[in-house]
Number of protein chains: 2
Amino acid sequence: MTGTELKRLTKRRVETRRRLHQAALEEFAERGFGVVTVEQVCAAAGFTRGAFYSNFDSLDELFLSMWEDRSRALLADLDEVLAAVDPGEVRSVRQVVELVDRAVGLDDAWFRVTAEFSAHALRDPALRRVMAAREEAIVAMLASVLQSFLHGAGRRAEDPKVLALALVAVHDGTSLQCLTEPDDPRPRLRRLDLFERVVFAYTVESTGESA
Amino acid sequence: MTGTELKRLTKRRVETRRRLHQAALEEFAERGFGVVTVEQVCAAAGFTRGAFYSNFDSLDELFLSMWEDRSRALLADLDEVLAAVDPGEVRSVRQVVELVDRAVGLDDAWFRVTAEFSAHALRDPALRRVMAAREEAIVAMLASVLQSFLHGAGRRAEDPKVLALALVAVHDGTSLQCLTEPDDPRPRLRRLDLFERVVFAYTVESTGESA
DNA sequence: TGTATCGAATACACGGATGTATCGAAAGAG
DNA sequence: CTCTTTCGATACATCCGTGTATTCGATACA
């Protein structure tokens with residue numbers, strides 16, 4: 001695996017990469033990138049380094065690949081879950097907030113890994129672009145789904161994207177607070193409350209229908 | 001420097017530690033913890049590793065020491081700056097927000113280093129406590145100073161600490177957005193806007209005086 | 001000024017992670 | 001079923017960072 005030459009993605013290869021991704025996620029979450037060695041990831045995946053070097057050039061590449069992959073998967077999941085909701089059943093802003101919060105979830109391992117990814121991205125323009133692209137995708141999805149949910153709650157966002165950006169920022173900031181005090185339920189409650197107030201702050205009453 | 005034995009802090013020692021702290025901040029911000037070696041930090045500080053091992057046990061210890069030290073210094077600065085403001089001159093929420101935002105600033109290097117510190121803290125209970133303590137100090141300071149500023153703007157927070165916690169979360173989340181797109185001024189503007197709306201969302205009109 | 005302590009420089013030994021080159025087994029094509 | 005290709009395992013050479021033990025200069029103190 002040298003340079004940018006594309007290897008054919010046979011079934012075996014795909015499976016190997018999948019297991020390495022998974023192992024990388026676990027190891028990086030548990031011990032942290034920069035501490036974990038190639039060999040540790042391989043061991044956790046049940047391989048030797050031969051498999052690794054046949055699939056990736058460096059730990060950095062594996063990290064990026066893993067993060068992008070899982071990032072996509074999570075976004076797709078979120079999209080699916082929210083698409084399955086009947087917008088007609090949403091009656092209040094509080095409901096919207098709880099719905100989205102539940103759908104997003106709060107995965108400790110993933111947040112840890114993402115925190116480190118962010119830290120790296122702040123130093124690497126290429127990674128920054130990756131992060132920016134992902135955020136844009138989230139914002140776009142949120143914006144559209146929020147608008148349809150808020151309709152049922154009798155509200156309308158003036159600029160859905162700005163609202164979505166605000167919610168993402170709040171999500172990031174409060175996640176850190178939640179996971180810094182993992183045994184304390186209060187940050188979770190404050191988070192929901194803040195979500196709700198922000199939604200109100202960026203929406204107006206939508207004249208027309210609603211409860 | 002083995003174990004927890006306390007070396008007497010002579011002038012020379014203090015100066016050496018200061019330079020190592022400074023060099024660590026720069027190197028970690030530039031290249032990232034986990035990539036930087038002991039030797040690189042020492043070189044950046046104009047020392048060899050002898051000085052390092054005479055003052056610290058490991059890079060981790062230096063990182064923690066440096067972060068705590070600077071963290072304290074920044075908080076003290078912030079306190080000083082805000083204490084110098086005449087609360088009587090604050091007339092609007094917008095002014096409060098801009099004041100605090102200006103005082104906090106947005107130091108790229110410091111944010112990078114803190115991002116990595118957070119990532120580590122999510123894995124290490126001892127570091128988590130350090131972070132929590134610092135957050136508490138910030139919140140306490142913000143809460144008190146906000147209350148006095150808001151008074152001039154004709155508003156009053158029901159629970160100043162909750163407001164402060166919300167603002168800290170918003171600050172963290174939006175900082176990431178700002179530094180992810182360093183050349184785009186819009187995140188900065190959105191940030192101020194979000195601050196302002198959150199302040200309104202967590203305060204009520206204070207009957208009595210004000211403009 | 002002489003002496004003792006302190007602190008940073010230097011030298012060295014060790015471990016361990018990386019990446020490559022080679023081999024053998026398993027999967028896939030005809 | 002055979003032949004070919006692919007891919008992971010193994011072995012090896014190399015490099016680099018660490019931490020310690022020792023030295024030597026500087027600084028404080030009497």
Side-chain angles (χ1 to χ4, degrees), chain A residues 1-66 69 116 120 124, chain B residues 1-66 69 116 120 124:
Chain A
M1 194 77 191
T2 50
T4 323
E5 63 217 43
L6 316 172
K7 299 253 174 176
R8 217 169 80 88
L9 276 189
T10 154
K11 285 184 189 177
R12 200 181 175 202
R13 231 187 166 68
V14 169
E15 174 63 9
T16 301
R17 292 174 68 97
R18 202 193 56 73
R19 277 167 62 190
L20 284 172
H21 278 169
Q22 179 62 25
L25 175 62
E26 290 163 6
E27 291 297 306
F28 292 161
E30 183 70 20
R31 313 185 184 205
F33 190 85
V35 177
V36 172
T37 77
V38 172
E39 184 127 18
Q40 284 170 346
V41 173
C42 294
F47 289 111
T48 67
R49 287 179 309 153
F52 175 84
Y53 284 109
S54 160
N55 280 282
F56 302 97
D57 280 335
S58 64
L59 261 193
D60 284 270
E61 193 196 309
L62 170 60
F63 191 21
L64 172 59
S65 170
M66 176 273 279
D69 191 69
E116 268 195 351
H120 285 253
D124 182 337
Chain B
M1 193 78 190
T2 50
T4 323
E5 63 217 45
L6 316 172
K7 301 253 176 177
R8 217 171 86 84
L9 276 187
T10 156
K11 284 184 188 176
R12 199 178 174 204
R13 238 189 159 65
V14 168
E15 174 63 9
T16 303
R17 291 175 68 97
R18 202 194 57 72
R19 277 167 62 190
L20 284 171
H21 279 168
Q22 180 61 27
L25 175 63
E26 288 163 7
E27 291 298 304
F28 293 162
E30 183 69 20
R31 314 186 182 202
F33 190 85
V35 178
V36 173
T37 78
V38 171
E39 183 127 17
Q40 284 170 346
V41 173
C42 293
F47 289 112
T48 66
R49 286 180 319 173
F52 175 85
Y53 284 109
S54 158
N55 280 282
F56 302 96
D57 280 335
S58 64
L59 261 192
D60 284 271
E61 194 196 308
L62 171 61
F63 191 19
L64 172 58
S65 169
M66 175 273 279
D69 191 69
E116 268 194 352
H120 284 252
D124 183 335

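Quick note on labels: first sequence line is chain A, next is B, and so on, each numbered from 1.
- Note that the CD atom of B:E15 and the CG atom of B:L20 stand 10.0 Å from one another [nearest 0.5 Å].
- Separation of atoms CG (B:N55) and NE2 (B:H21) is listed at 8.5 Å; rounding is to 0.5 Å.
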Could you list the protein-to-nucleotides 23-30 of chain D atom pairs, N/O on both sides, closer than 3.5 Å?
none

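- Residues passing the side chain to side chain donor-acceptor pair (under 3.5 Å) test with B:R12, sequence neighbours excluded: none.
- As a whole-Å value, the separation of B:R17 CZ from C:dC6 P is 16 Å.
- Look at CD on B:E61: it is 11 Å from P on D:dG19, rounded to the nearest Å.
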Sequence neighbours left out, cut at 3.5 Å: what donor-acceptor pairs do the side chains of residues 26-35 of chain B make with other protein atoms?
{"from": "B:E26", "atom 1": "OE2", "to": "B:Q22", "atom 2": "NE2", "distance (Å)": "2.8"}
{"from": "B:E27", "atom 1": "OE1", "to": "B:R31", "atom 2": "NE", "distance (Å)": "3.3"}

Sequence neighbours left out, cut at 3.5 Å: what donor-acceptor pairs do the side chains of residues 38-51 of chain A make with other protein atoms?
{"from": "A:Q40", "atom 1": "OE1", "to": "A:T37", "atom 2": "N", "distance (Å)": "3.1"}
{"from": "A:T48", "atom 1": "OG1", "to": "A:G50", "atom 2": "N", "distance (Å)": "3.4"}

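- Judged by distance alone, the side chain of A:R13 and the main-chain N or O of A:S54 form a donor-acceptor pair under 3.5 Å.
- One atom, CZ of B:R18, and another, P of C:dA8, lie 13 Å apart when rounded to the nearest Å.
- A straight line from CD of A:E15 to C1' of C:dA27 spans 15 Å, rounded to a whole angstrom.
- For B:N55 and C:dG7, the shortest distance from a side-chain N or O to OP1 or OP2 is not below 4.0 Å.
- The side chain of B:T48 contributes no N or O atom lying less than 4.0 Å from OP1 or OP2 of C:dA8.
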Strictly under 4.0 angstrom, non-hydrogen atoms only: write out the protein contact profile of nucleotides 14-19 of chain C, one letter per nucleotide from the 5' end, B, S or -.
---SBB
Based on Watson-Crick and G-U pairs with both distances under 3.5 Å, what dot-bracket line describes DNA chain D 5' to 3', crossing pairs as [ ] and inter-strand pairs as |?
||||||||||||||||||||||||||||||
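- Distance B:F47 CZ to C:dG7 P: 12 Å, rounded to the nearest Å.
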Working note: A:L9 + A:R17, criterion side-chain contact (heavy atoms from CB on, under 4.5 Å); need CA distance, chi angles, decisive distance, verdict.
CA-CA 10 Å; A:L9 276 189; A:R17 292 174 68 97; 4.1 Å; yes
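- Annotation for A:F52 and A:L59: closest pair CZ-N, 3.8 Å, computed over non-hydrogen atoms.
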